[in-house]
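Here the structure is laid out as structure tokens; the discussion comes afterwards.
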Amino acid sequence: MATVKKDDRLTNSQSLMCAGFAGVFSKTVTSPLEVVKILSQVGTFHCRRGFMHAFLVLYQNEGLRAFWKGNSVSCLRLFPYSAIHLATYKKIVHFHMDDLGRISQWRAILAGGLAGIAAALITYPLEVVETRLIAQNCRESTYRGLLHSLSMVHRNEGFLALYRGFSLTILGAVPFSIGCYVVYINLDKLWREHHFRFSSLQNFINGCLAAGVAQSLSFPFETIKRKMQAQSPFLPHCGGVDVHFTGMINCFREVIRTKGMLSLWSGFTANTVKIVPYYGLLFSCFEMCKQVCLYQNGYIVSPLSYKLKPGVDQSLGPHELQEFKRYLRNRKLQAQSSSMRNRW
């Protein structure tokens, strides 16, 4: 949800590397909360007595490493997802820009939603594998890693099983985008100043707030999606799902009939607790990586601070800056050689 602002002083590969490292680090640190959230959504026995008790039951039954089940697949999925999302978003934004290069806020949020759907379409099988790895008991595992999981699901259940529940990604994008839009159009009123004056802390709070509102609106769709991803007649206890169903609509009905309406928000506590540390680590790690890259590119005096290097035009891109430095070096060499010739 929260995204880091593009800095033109970084190359595309540096931006992707910074975002990738920040995403992997924040996902890894908050993985225990993500595991408990997904187990709650699937409805496994770990989560029948609440949020805190789920950690204890999971540790007693599967050990410490259970809190990082599926994390490697989740981190691996991050790179193609981010690359596809960014490329698609740029294409859609460019298409909707006016003659002055501007785009309305709701169109930008809509572009983000469509880019998210496109990225999810390509990487969805990895999300299915992540859910299966988390839902299984890691001490009595059916699936052993990414490739083994993909081949087993494809062989036993067919190719379409790798896209089971994908329609809920599309349906969930609607309330998610609405939630983002409602938050962002009211930020000026919240802070009583224009958005271009927001500080880094304000932008961080805005991102967390938008994520909380948007995810709360789309959470029922994600809960049903996780149940559909996890359920399989080829797994013990049908994948650990707490209700049995034949499709998306039937799953909604069975969950509401047997568990109640609020069960559509199972795991929401873990998700809410995760928001601040996840986005906090995401932004801080990105900024740390960005400082190292800016120092390497010659824009700042130290990788430990944002103090700008004197005499460097910060509006130049990294390649333009290198060309300009090369031009100055050549001029200096020419001046020196000319001075030497004059002496002789």
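Keep in mind that this is a model prediction, so the values were computed, not measured.
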(message) Quick check on H94: does its NE2 atom have over 12 non-hydrogen neighbours (other residues, nucleotides or ligands) under 6.0 Å away?
(response) no
(message) So which atom in I275 and which in A211 form the shortest heavy-atom distance, rounded to 0.1 Å?
(response) CD1-C, 4.3 Å
(message) Between W68 (side chain only) and S31 (backbone N and O only), is there a donor and an acceptor less than 3.5 Å apart?
(response) no
(request) Determine, for E254 against K259, whether the closest basic-nitrogen to carboxylate-oxygen distance falls under 4.0 angstrom. (result) no
(message) Counting neighbours of OH on Y295 that are heavy atoms of other residues, nucleotides or ligands and sit closer than 6.0 Å, is the number greater than 12?
(response) no
(request) Fit a plane to each ring of Y89 and H85, take the angle between them on a 0 to 90° scale, and name the class: parallel (under 30°), tilted (30 to 60°) or perpendicular (over 60°). (result) parallel
(request) Considering only NZ, NE, NH1 and NH2 on the basic side and carboxylate oxygens on the acidic side, decide whether R48 and D242 come within less than 4.0 Å. (result) no
(request) Look at the side chain of S177 and the backbone N and O of V174, then say whether any donor-acceptor pair between them is shorter than 3.5 Å. (result) no
(request) Could you tell me whether the side chain of T223 and the main chain of L264 form a donor-acceptor pair under 3.5 Å? (result) yes
(request) Kindly assign one of parallel, tilted or perpendicular to the pair Y124 and Y163, based on the angle between their ring planes and the thresholds 30° and 60°. (result) parallel
(message) Does R331 have more than 12 heavy atoms from other residues, nucleotides or ligands lying within 6.0 Å of its CZ?
(response) no
(request) For atom CZ of F25, decide whether the heavy atoms of other residues, nucleotides or ligands shown that lie under 6.0 angstrom number more than 12. (result) no
(request) Classify the angle between the aromatic ring planes of F221 and F252 as parallel (below 30°), tilted (30 to 60°) or perpendicular (above 60°). (result) perpendicular
(request) Answer yes when E34 and K27 have at least one side-chain N-carboxylate O distance shorter than 4.0 Å, and no when they do not. (result) no
(message) I need the single residue from S232, C238, P233 that forms a side-chain contact (heavy atoms from CB on, under 4.5 Å) with L235. Which is it?
(response) S232
(request) Apply the test side-chain hydrogen bond (donor to acceptor under 3.5 Å, both in side chains) to residues T30 and K274: give CA-CA distance (whole Å), side-chain angles for both, the deciding distance (0.1 Å), then the verdict. (result) CA-CA 7 Å; T30 59; K274 191 187 92 168; 5.1 Å; no
(message) I'd like to know whether Q229 forms a side-chain hydrogen bond (donor to acceptor under 3.5 Å, both in side chains) with R132, so could you lay out the CA-CA distance, the side-chain angles of the two residues, the decisive distance to 0.1 Å, and finally the verdict.
(response) CA-CA 7 Å; Q229 290 173 340; R132 294 284 180 99; over 6 Å; no
(request) Evaluate whether atom NZ of K309 has more than 12 neighbouring non-hydrogen atoms of other residues, nucleotides or ligands under 6.0 angstrom away. (result) yes
(request) State, with a plain yes or no, whether a side-chain heavy atom of E62 is found less than 4.5 Å away from one of K69. (result) yes
(message) Rounded to the nearest 0.5 Å, what separates atom CZ in F204 from atom OG in S284?
(response) 8.5 Å
(message) For the CE atom on M152, are there more than 12 heavy atoms of other groups (residues, nucleotides or ligands in this structure) within a distance under 6.0 Å?
(response) yes
(request) Answer yes or no: is there a donor N or O on one side and an acceptor on the other, between the side chain of S141 and the main chain of N137, under 3.5 Å? (result) no
(request) Dump the intermediate steps for side-chain hydrogen bond (donor to acceptor under 3.5 Å, both in side chains) on Q322 and N297, then the final yes or no. (result) CA-CA 8 Å; Q322 293 304 317; N297 292 349; 5.7 Å; no
(message) I'd like to know if the side chain of N250 reaches the main chain of T246, judged simply by a donor and an acceptor atom lying under 3.5 Å from each other, with no hydrogens or angles considered.
(response) yes
(request) For the pair E130 (side chain) and S74 (backbone), establish whether a donor and an acceptor sit closer than 3.5 Å, ignoring hydrogens and angles. (result) no
(message) Please identify which of these residues, I134, T44, L133, L33, meets the side-chain contact (heavy atoms from CB on, under 4.5 Å) condition with I38.
(response) I134
(request) Inspect the surroundings of OH in Y59 and state if more than 12 heavy atoms from other residues, nucleotides or ligands are less than 6.0 Å away. (result) no
(request) For the residue pair P318 and Y299, establish whether any side-chain heavy-atom pair is separated by less than 4.5 Å. (result) yes
(message) Does this structure show an ion pair linking E323 with R326, if we count only N-O contacts that are shorter than 4.0 Å?
(response) yes
(request) Would you give the length of the straight line joining atom OG1 of T131 to atom CD of Q41, rounded to the nearest 0.5 angstrom? (result) 8.5 Å
